[in-house]
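Heads up: the structure comes next, in structure tokens.
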Amino acid sequence: MDFINYTNLYFILIILFNFLDLSVSIDTITSTNFIKDPQTLSSKSGKFTLGFFSPDNSTDRYVGVWWQPQFTVLLVLNRDQPLKDSSGIVTISDNGNDLVVLNGKKEVIWTSNAPNVATNSSSKLLDSGNLVLLEGATGRTIWESFQHPSNVVLPNMKVTSNKITGEKVKFTSWKSPFDPAIGSFSISIERLSTPEVFIWNETRAYWRSGPWNGRVFTGLPYMKAHYLGGTHVGDDGEGNFSFFKTSTNTVALVIYNLTTEGNVEEKSWDEEKKEWKITWNSHETDCDVYGVCGHFASCNSENLPICSCLKGFEPRNKEEWNKQNWIDGCVRRTPLQLCERDRNQNASADNKADGFLKLQMVKVPDFADGSSLTVSSDTCRSRCLENCSCVSYSYDADIGCMSWTGNLTDIRQFSNGGLTLYIRVAQAELVTGKDRRNMSVIIIITVIAGTVLVLGCAYIMWRRRSNHHARNRNDNAMGELSLVKLHELLLFNFGKLATATNNFHSSNKLGQGGFGPVYKGTLPDGQEMAVKRLSKASGQGQEEFMNEVVVISKLQHRNLVRLLGCCVEGEEKMLIYEYLPNKSLDAFLFDTSKSKILDWSKRLSIIEGIARGMLYLHRDSRLKIIHRDLKASNILLDNELNPKISDFGMARIFGGNEDQENTRRVVGTYGYMSPEYAMQGLFSDKSDVFSFGVLLLEIISGRRNSSFYNCENSLTLLGFVWIQWTEDNILSVIDPGIYDHIHYKSISRSIHIGLLCVQEFSIDRPTMAVVISMLNSEIVNLPPPKKPAFVLRQNMLSTVSSEECNDGLYTINLVSISDIHGR
């Protein structure tokens with residue numbers, strides 16, 4: 001009996017050990033030790049995992065490497081050949097030379113194609129995230145994923161380029177956030193004599209870093225250099241650029257991610273907070289787009305307009321340039337004299353030689369003709385001057401002498417950093433010392449005369465204002481402020497605008513807002529625009545007018561409406577915007593006939609666009625701006641239904657390290673206001689997050705927040721969604737016109753994000769940066785939402801009769817307020 005018990009125990013232990021052996025993730029793959037979906041392989045530290053996964057909104061199966069602490073895909077092997085079921089296997093090929101992915105029929109759908117012939121190879125996932133293939137006999141690496149990346153640059157990964165063979169390691173974007181197939185954008189290192197990193201849109205340059213000087217990329221003065229390595233060109237012609245991990249204790253991993261839109265994001269994993277933080281991105285302003293200003297022009301994101309011709313040059317097409325269409329660039333105003341004299345022997349010998357204009361703190365142009373450390377700065381200058389084809393040069397102690405002979409493209413002006421660029425111009429474009437002295441005298445006289453004139457005018461205006469009512473005095477002061485603030489904008493003539501709008505005819509009226517009516521206008525050259533005219537009966541006034549001018553004139557983002565100019569004549573005050581034919585989001589969203597155009601993909605794209613615009617306002621623009629009136633009617637749609645945030649009359653600029661502000665003047669729209677703002681006058685970026693959450697839920701449901709679904713309980717949209725969420729009945733929340741079981745997971749996740757945004761206490765709400773990470777599924781596990789604010793209908797909105805309740809669904813008008821005092 002005892003013998004039988006011991007025998008049974010022995011077999012139980014054998015089975016248990018076998019079970020435990022199967023359940024522990026392996027770290028090495030061989031021909032006999034492979035992984036089959038859904039098994040995984042982990043690095044020694046457990047931070048990186050190799051296995052099978054399906055992107056959001058997809059049932060296809062891919063083999064990838066991800067960051068284990070929070071599911072973030074870093075590498076995909078079978079990008080263009082997904083598995084259609086869960087029968088996939090990752091193993092060593094029959095010949096022992098390659099790592100392969102097999103489908104259920106044992107067909108090879110992906111192979112490493114290792115260049116060396118080996119036997120008994122094995123594959124291992126290292127703690128660096130590098131998946132390597134090792135030769136069985138020697139253990140040397142015969143293939144590694146670091147040389148065949150997807151869309152993510154990992155620490156210690158080398159971006160290589162061989163100038164002899166032309167072979168390059170390229171990073172390629174996903175086709176879409178839900179499709180890992182190779183997309184339109186790629187990253188590579190170019191021109192090893194003066195190395196630069198490029199982002200390509202197919203075959204067209206989309207962004208570049210500027211030359212590497214051994215420490216930093218000179219075109220990225222705000223990038224953290226301690227994450228970067230250096231370039232080295234060996235005898236085999238191969239240059240490589242390395243990327244190193246930071247030594248900060250709280251940051252466990254830093255990566256560069258190429259998004260589907262061609263943006264490179266520097267993301268750091270905060271080990272303490274267990275979250276990704278975006279610490280830098282390649283496209284913060286329009287100046288980051290390659291060659292946005294055309295040839296012989298410079299881009300400065302702190303100026304409006306952002307493009308300007310180099311000194312000595314003028315727009316090639318002035319009419320288009322004034323429309324801020326800079327693609328034709330600029331041309332030389334005065335021919336180069338030295339080269340003209342060389343070509344024409346009869347030219348006057350008195351012509352003076354060409355000279356150079358100095359541009360400091362710039363990203364130097366593309367297509368430099370190599371570099372040389374063996375010459376001095378003076379030699380670099382004289383070489384360029386002696387070469388009639390040379391139009392510019394730059395000298396840096398670390399890079400050496402660089403020169404340019406073609407069109408100067410993609411110059412950018414910085415407030416610090418960058419290099420010094422010398423532009424070759426004719427002598428006539430150079431100002432002599434005598435000219436400078438004369439100019440100084442003229443400037444001094446002008447300043448004195450101007451000061452006297454301003455003081456005289458100010459005295460006269462003061463005397464006039466003293467005879468008027470206090471309100472008139474304030475209006476006049478605002479008028480003067482307008483003239484001061486508007487000097488950077490294009491000023492439109494009132495008569496010109498009247499003609500363009502057919503004397504503001506009702507047939508040209510696009511809509512009516514708190515500011516006043518908005519009209520469509522067409523200039524004689526065919527340019528269309530939207531003219532926003534301040535109404536005398538407007539609840540808003542000159543303060544909101546000036547606020548909108550000051551705020552939006554400093555902003556440049558594809559998800560913000562573009563201000564073209566303004567008009568200030570007498571009592572007339574108008575803002576002129578780009579014309580967007582599809583008008584506002586609410587015109588589509590709450591119209592049963594038009595809402596069908598907005599399927600889920602388009603609505604998700606609109607949500608993401610609004611989120612990007614709000615992140616720019618809160619974090620990425622030069623000013624931290626709180627919008628305070630984000631709602632569907634303030635989201636305009638362009639030809640392709642891309643969203644643009646508008647109406648900045650209520651916006652507030654935060655300075656320094658301000659996080660929150662208190663106001664006695666609560667402005668905005670009920671239904672979109674956060675509770676701390678509506679009740680206490682406290683507003684911050686989290687107030688905008690609340691409004692965004694309301695808007696997100698409206699977009700998903702196709703219903704206004706002011707719609708009531710249960711008159712007995714007087715529920716708002718937030719209350720309705722909350723109850724359905726807690727009862728696991730979110731299908732009743734989703735607009736039937738967009739529902740498809742394929743999109744259920746994505747829509748459900750978006751509702752979850754919306755509820756996190758409308759939580760009662762601001763501290764519980766995510767920032768817009770976190771919202772975007774959630775929308776992009778960079779944060780996989782979302783925290784459970786708490787009960788939202790304003791679950792019940794507020795008495796301030798409206799009351800309804802029992803007859804209206806019997807209709808089951810009705811809508812009240814949102815109330816815009818501009819002068820309610822908070823506590």
Side-chain angles (χ1 to χ4, degrees), residues 17-54 60-68 71 73-152 154 156-158 160 167 169-170 172 180-182:
F17 285 135
N18 286 335
F19 172 77
L20 290 173
D21 184 59
L22 288 172
S23 64
V24 175
S25 295
I26 57 176
D27 62 3
T28 302
I29 292 177
T30 65
S31 57
T32 58
N33 194 20
F34 51 83
I35 63 171
K36 186 179 186 304
D37 195 357
Q39 292 175 317
T40 60
L41 177 150
S42 297
S43 63
K44 186 176 181 181
S45 66
K47 294 295 180 68
F48 296 94
T49 300
L50 170 72
F52 297 83
F53 74 97
S54 292
D60 290 340
R61 302 292 284 171
Y62 295 88
V63 178
V65 174
W66 58 81
W67 175 246
Q68 183 61 38
F71 183 80
V73 178
L74 308 173
L75 170 74
V76 184
L77 298 183
N78 58 321
R79 298 182 66 176
D80 292 306
Q81 291 182 300
L83 292 155
K84 297 301 181 181
D85 53 35
S86 300
S87 62
I89 297 174
V90 183
T91 186
I92 301 297
S93 62
D94 292 338
N95 61 14
N97 188 64
D98 285 302
L99 180 68
V100 294
V101 177
L102 308 177
N103 61 18
K105 298 178 181 179
K106 301 299 187 290
E107 296 170 333
V108 176
I109 65 166
W110 177 89
T111 176
S112 60
N113 280 324
N116 300 296
V117 177
T119 56
N120 298 323
S121 298
S122 61
S123 181
K124 189 171 185 178
L125 182 59
L126 306 181
D127 277 336
S128 61
N130 193 8
L131 180 64
V132 298
L133 186 64
L134 306 174
E135 186 180 40
T138 63
R140 66 186 178 93
T141 301
I142 57 176
W143 178 91
E144 57 179 319
S145 64
F146 273 17
Q147 289 295 301
H148 304 272
S150 297
N151 64 319
V152 175
L154 285 166
N156 302 313
M157 185 180 282
K158 292 181 179 180
T160 62
E167 295 179 354
V169 169
K170 281 193 172 185
T172 51
I182 294 176

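When reading the values below, keep in mind they use all heavy atoms of this one structure, side chains included, and skip hydrogens, waters and symmetry mates. Please read these numbers as outputs of a predicted model, since none were measured by experiment. In what follows, residues are counted from 1 in the order of the sequence shown.
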Does some side-chain heavy atom of [Y] sit less than 4.5 Å from a side-chain heavy atom of [X]?
X      : Y      : value
Phe53  : Val76  : yes
Leu50  : Leu131 : yes
Leu126 : Val132 : yes
Thr172 : Arg79  : yes
Val108 : Val101 : no
Pro149 : Val169 : yes
Val65  : Leu125 : yes
Leu99  : Thr111 : no

I need the [X] [atom1] to [Y] [atom2] distance, nearest 0.5 Å.
X      : Y      : atom1 : atom2 : result
Leu133 : Lys124 : CG    : NZ    : 13.5 Å
Ile142 : Asn97  : CD1   : CG    : 5.0 Å
Asp98  : Ser121 : CG    : OG    : 8.0 Å
Asn78  : Ile109 : CG    : CD1   : 4.5 Å
Lys36  : Ser86  : NZ    : OG    : 8.0 Å
Ile35  : Thr28  : CD1   : OG1   : 11.5 Å

Does the pair Leu134 and Ser123 meet the rule for a side-chain contact (heavy atoms from CB on, under 4.5 Å), with working shown?
-> CA-CA 6 Å; Leu134 306 174; Ser123 181; over 6 Å; no
Please find the pair of heavy atoms, one from [X] and one from [Y], that lie closest to each other, and give the distance.
X      : Y      : answer
Leu154 : Leu74  : CD2-CD1, 3.9 Å
Phe52  : Ile89  : CZ-N, 3.8 Å
Ser145 : Gly129 : OG-O, 4.1 Å

Kindly check if the number of other-residue, nucleotide or ligand heavy atoms within 6.0 Å of CG (Asp94) is above 12?
-> no
Quick check: does any side chain N or O of [X] sit under 3.5 Å from a backbone N or O of [Y], one acting as donor and the other as acceptor?
X      : Y      : answer
Asp60  : Pro82  : no
Asn130 : Phe146 : yes
Trp110 : Val100 : no

Taking atom types as modelled, is there a side-chain donor on [X] or [Y] under 3.5 Å from an acceptor on the other?
X      : Y      : answer
Thr49  : Gln68  : yes
Ser87  : Arg61  : no
Asn156 : Ser128 : no
Glu135 : Thr138 : yes

Which of parallel (below 30°), tilted (30 to 60°) and perpendicular (above 60°) describes Phe71 and Trp66?
-> tilted
Kindly indicate, with the supporting measurements, whether the criterion ring-ring contact (aromatic ring centres under 6.0 Å, His included) is fulfilled by Phe48 and Trp67.
-> CA-CA 5 Å; Phe48 296 94; Trp67 175 246; 5.2 Å; yes
Could you walk me through whether Ser93 and Asn95 pass the side chain to side chain donor-acceptor pair (under 3.5 Å) test, one step at a time?
-> CA-CA 5 Å; Ser93 62; Asn95 61 14; 2.4 Å; yes
Let me see the working for Val152 and Leu75 under side-chain contact (heavy atoms from CB on, under 4.5 Å), right down to the final yes or no.
-> CA-CA 7 Å; Val152 175; Leu75 170 74; over 6 Å; no
